[in-house]
Amino acid sequence: MDGVGGVIVETEAYGPDDPASHAYGGKTRRSATLFGPPGRLYVYRSYGIHWCANAVCGKDGVGTGVLLRALEPTHGLDRMRARRGVHDLALLCAGPGRLTQALGLTGEHDGFPLDRPPFELTAGDPVEVVAGTRVGITRAVDRPWRYSLKGSSYVSRPRPRS
DNA sequence: TTTACGATTAACT
DNA sequence: GTTAATCGTAAAG
């Protein structure tokens, strides 16, 4: 949106049976979007400061989603740099909160369809993906549901700190 | 109504 | 490596 975008290089899966998922334990006010129709955006606030974006998938009413953790910036770099206040390309979208900040995503975008303007979701070239353990959660930490683009230097893990 | 906590990040010792 | 920032949501009173 706004001319910014990139290639998704890191995601994490969250499902109804997942203790770490917002969908766990049934539908709540916050996770309502997660239980809606697939192909939409689920945005929530984390630690009171950060926004995190999920792509809702699975059937309508199920409550499954994919957390977008990292992006390889390809479009609107200037705009993202301005929003993030960071010059390093590798740090622009290397993390859930960073990603949403760079793209300008907020709670207003919660429930927004991903296949309509100002969003655009396209299938990329077939890529090699590696599975790993998830990050930043306190429960079910050992579930290997983290998927990242093999060899990408834009992933958020080994956390590049400034 | 009140209290505790988190799918994080950035700053500091 | 450790800790503060900061607020909506959920669970308890």
Side-chain angles (χ1 to χ4, degrees), chain A residues 1 4 6-59 61-73 76-77 79-112 114 119 121 129-149 152-162:
Chain A
M1 59 180 282
V4 298
V7 181
I8 299 172
V9 295
E10 185 183 358
T11 63
E12 278 179 15
Y14 288 91
D17 303 329
D18 186 355
S21 172
H22 290 172
Y24 185 69
K27 181 179 176 180
T28 64
R29 187 192 183 92
R30 169 177 57 179
S31 64
T33 305
L34 204 49
F35 288 82
R40 303 203 304 183
L41 199 64
Y42 167 47
V43 183
Y44 70 95
R45 200 191 306 282
S46 176
Y47 289 83
I49 358 184
H50 305 285
W51 292 104
C52 293
N54 297 250
V56 179
C57 37
K59 292 180 183 177
V62 174
T64 57
V66 173
L67 170 68
L68 307 179
R69 290 196 57 88
L71 202 69
E72 176 185 338
L77 301 187
R79 195 141 193 183
M80 287 195 274
R81 277 197 257 256
R83 281 201 273 243
R84 294 268 300 111
V86 174
H87 289 289
D88 194 337
L89 189 66
L91 294 178
L92 270 186
C93 305
R98 291 166 169 172
L99 184 149
T100 53
Q101 186 184 3
L103 296 187
L105 290 173
T106 70
E108 299 176 26
H109 302 92
D110 186 45
F112 211 104
L114 281 168
F119 290 113
L121 189 60
V129 177
V130 291
T133 50
R134 295 183 293 183
V135 196
I137 55 178
T138 57
R139 305 203 281 183
V141 184
D142 52 349
R143 296 205 187 185
W145 291 352
R146 192 173 95 118
Y147 303 95
S148 49
L149 221 176
S152 175
S153 55
Y154 296 95
V155 297
S156 62
R157 170 118 173 181
R159 298 202 191 175
R161 308 269 176 167
S162 56

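In what follows, chains carry the letters A, B, and so on, assigned in the order in which the sequence lines appear, proteins first and then strands, with residues in each chain numbered from 1.
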In residues 15-23 of chain A, which residues come under 4.0 Å of DNA chain C by heavy atom? none
Please identify each residue that fulfils side chain to side chain donor-acceptor pair (under 3.5 Å) with A/Thr28, with sequence neighbours left out. A/Ser31
Are any of the side-chain heavy atoms of A/Tyr154 and A/Leu89 separated by less than 4.5 Å? yes
Taking A/Ser21 for its side chain and A/Pro16 for its backbone only, find out whether a donor-acceptor pair lies under 3.5 Å. no
Does a sphere of radius 6.0 Å around OH in A/Tyr24 hold more than 12 heavy atoms from other residues, nucleotides or ligands, not counting ones at 6.0 Å or beyond? no
Return the set of residues passing salt bridge (charged side-chain N to carboxylate O under 4.0 Å, His left out) with A/Asp110 (not counting sequence neighbours), or none when no residue passes. none
With a 4.0 Å cut-off on heavy atoms, is A/Leu67 in touch with a base, just the backbone sugar-phosphate, or nothing at all? base
So what stems show up for DNA chain B if we need 3 or more Watson-Crick or G-U pairs in a row, all under 3.5 Å? B:1-6 with C:7-12, B:8-12 with C:1-5
Does a side-chain heavy-atom distance below 4.5 Å link A/Asp18 with A/Trp145? yes
Distance-only donor-acceptor pairs under 3.5 Å for side chains of residues 101-108 of chain A, two or more places apart:
{"unit_1": "A/Gln101", "atom_1": "OE1", "unit_2": "A/Arg84", "atom_2": "NH1", "d": "3.1"}
{"unit_1": "A/Gln101", "atom_1": "NE2", "unit_2": "A/Arg83", "atom_2": "O", "d": "3.2"}
{"unit_1": "A/Thr106", "atom_1": "OG1", "unit_2": "A/Glu108", "atom_2": "N", "d": "3.2"}

Would a 4.5 Å heavy-atom cut-off, applied to side chains only, mark A/Tyr44 and A/Asn54 as touching? yes
In whole angstroms, how far is the P atom of B/dT9 from the CG atom of A/Leu91? 11 Å
Ring centroids of A/Tyr44 and B/dA7 base under 5.5 Å with planes under 30°: no
With a 4.5 Å heavy-atom cut-off, do A/Arg69 and A/Val135 have their side chains touching? yes
4.5 Å side-chain heavy-atom contact, A/Arg98 and A/Leu92: no
Tabulate protein N/O versus nucleotide N/O from nucleotides 7-13 of chain C, keeping only pairs under 3.5 Å, one per line.
{"unit_1": "C/dC7", "atom_1": "O4'", "unit_2": "A/Gly48", "atom_2": "O", "d": "3.4"}
{"unit_1": "C/dA10", "atom_1": "OP1", "unit_2": "A/Thr28", "atom_2": "OG1", "d": "2.3"}

Less than 4.5 Å apart, any side-chain heavy atom of A/Tyr42 and any of A/His22? yes
Using whole Å, report how far NE2 of A/His50 lies from P of B/dA10. 7 Å
Short side-chain N/O contact to B/dA10 OP1/OP2 from A/Arg98, under 4.0 Å: yes
